[in-house]
Number of protein chains: 2
Amino acid sequence: MSQRNTGVTVQAVNAQACPVREVLDRVSGKWSVQILVAAAHGPIRFTELERGIEGISRRMLTLTLRNLERDGLVTRTVHPTVPPKVEYELTPVARELHETLQRLTDWAERNRVYIAESRAAYDVEHDKEQV
Amino acid sequence: MSQRNTGVTVQAVNAQACPVREVLDRVSGKWSVQILVAAAHGPIRFTELERGIEGISRRMLTLTLRNLERDGLVTRTVHPTVPPKVEYELTPVARELHETLQRLTDWAERNRVYIAESRAAYDVEHDKEQV
DNA sequence: CAGAATCCCCGCGGATACTG
DNA sequence: CAGTATCCGCGGGGATTCTG
């Protein structure tokens, strides 16, 4: 979406008309799914997420959590203690999503080798004439 | 991945260790899924895809098709006629993927209203104190 | 502990023009 | 018809620093 004039409109139209894009927008972003997976077992604290998800920055963890919260996929519970304690938990809707994502993961695991081999074959086939 | 030094390594490790990211890398990108959906009915020509997928550019159609082909998700068949005719078709593996994507789409349709309402609620809740 | 703010890089993807 | 090639802008997201 790098257009200045029509970008917003097109995006809105696509999102409304196309459930495919709608779900992808929800699940895209580098960290959304991993957060959903990490939080699937039950309430989890900010720092636990941070340590459980390899490579995520504080910033992105916060941002992604905010978006998930906005979409009604996680709840954010602040315990007014000191030091502060904030727990995140999946909503029922997110739990459904997590189940269907599981199928995708299964697919990936079943076909990981096939894909790797396809890539390798494709690369040999197409690289050998350049350099 | 905007790092210069560790970027490649981290990505590779993640892709190998984490089927979640692996499948997302396959499915992310603005057009991959829509192409898979459009090609699900059977062999389809380049131009048919271009017209069937609202808003896609020639460039992105080509690039995304190349990637899908590289991953062994679509086959590319060139008919040596004039004018040229190129047909794309899903591989069995991609057809499996398409089925599981269907579940995701179903989820999106079931919960589209819930998500929209959640967003609206969140926005009212958080915007009213600024400006 | 759980963020908010700021800066900055790079790569996705759009627009446009040219070819076998 | 089915691409390639080039240029360019936006925004995702990393690194870093500062707070209640």
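When reading the values below, keep in mind they use all heavy atoms of this one structure, side chains included, and skip hydrogens, waters and symmetry mates. Since the structure is predicted, the reported quantities are computational estimates derived from the model, not experimental observations.
The nearest heavy atom of DNA chain D to B:Arg59 and to B:Phe46 marks one nucleotide each, and the one closer to the 5' end goes with B:Phe46. Of the two residues contacting DNA chain C, namely B:Met60 and A:Arg51, the nearest-nucleotide position lying further toward the 5' end is that of A:Arg51. Position along DNA chain D of the nearest nucleotide to B:Tyr88 versus A:Ile56 favours B:Tyr88 as the more 5'-ward residue.
Looking only at distances, a side-chain donor or acceptor of A:His126 sits under 3.5 Å from a matching main-chain atom of A:Tyr122.
Of the candidate nucleotides C:dG13, D:dA2, D:dG14, D:dA2 has the atom nearest to the side chain of B:Arg76. The side chain of A:Pro83 approaches C:dC1 more closely than any other nucleotide in the set D:dG3, C:dC1, D:dA2.
A:Arg66 places its CZ atom 12 Å from the P atom of C:dA2, with the value rounded to the nearest Å. Here C:dC7 presents its P atom at 16 Å from CG of A:Leu63, a figure rounded to the nearest Å. What separates NE2 of B:His79 from P of D:dG3 is a distance of 13 Å, to the nearest Å. Look at CG on A:Leu65: it is 14 Å from P on D:dG13, rounded to the nearest Å. To the nearest angstrom, C1' of D:dG3 lies 10 Å from CD of B:Glu50. A:Asp25 places its CG atom 11 Å from the P atom of D:dG12, with the value rounded to the nearest Å. The interatomic distance linking B:Ile44 (CD1) with D:dC1 (P) rounds to 14 Å, in whole Å. Per the geometry, CG belonging to A:Leu61 stands 18 Å off P belonging to D:dT16, to the nearest Å.
Checked for salt-bridge contact, B:Arg21 and B:Asp25 meet the test: a charged N lies under 4.0 Å from a carboxylate O.
Under 4.0 angstrom from either OP1 or OP2 of D:dA2 there lies at least one side-chain N or O belonging to B:Arg45. Under 4.0 angstrom from either OP1 or OP2 of C:dA5 there lies no side-chain N or O belonging to A:Arg58. Under 4.0 angstrom from either OP1 or OP2 of C:dG14 there lies at least one side-chain N or O belonging to B:Ser57.
Annotation: side chain to side chain donor-acceptor pair (under 3.5 Å) contacts of B:Arg110 (sequence neighbours excluded): A:Glu96.
Side chains of A:Glu89 and A:Val74 form no contact here, defined as non-hydrogen atoms less than 4.5 Å apart. Taking 4.5 Å as the limit, some side-chain heavy atom of A:Leu68 sits within range of a side-chain heavy atom of A:Ile35.
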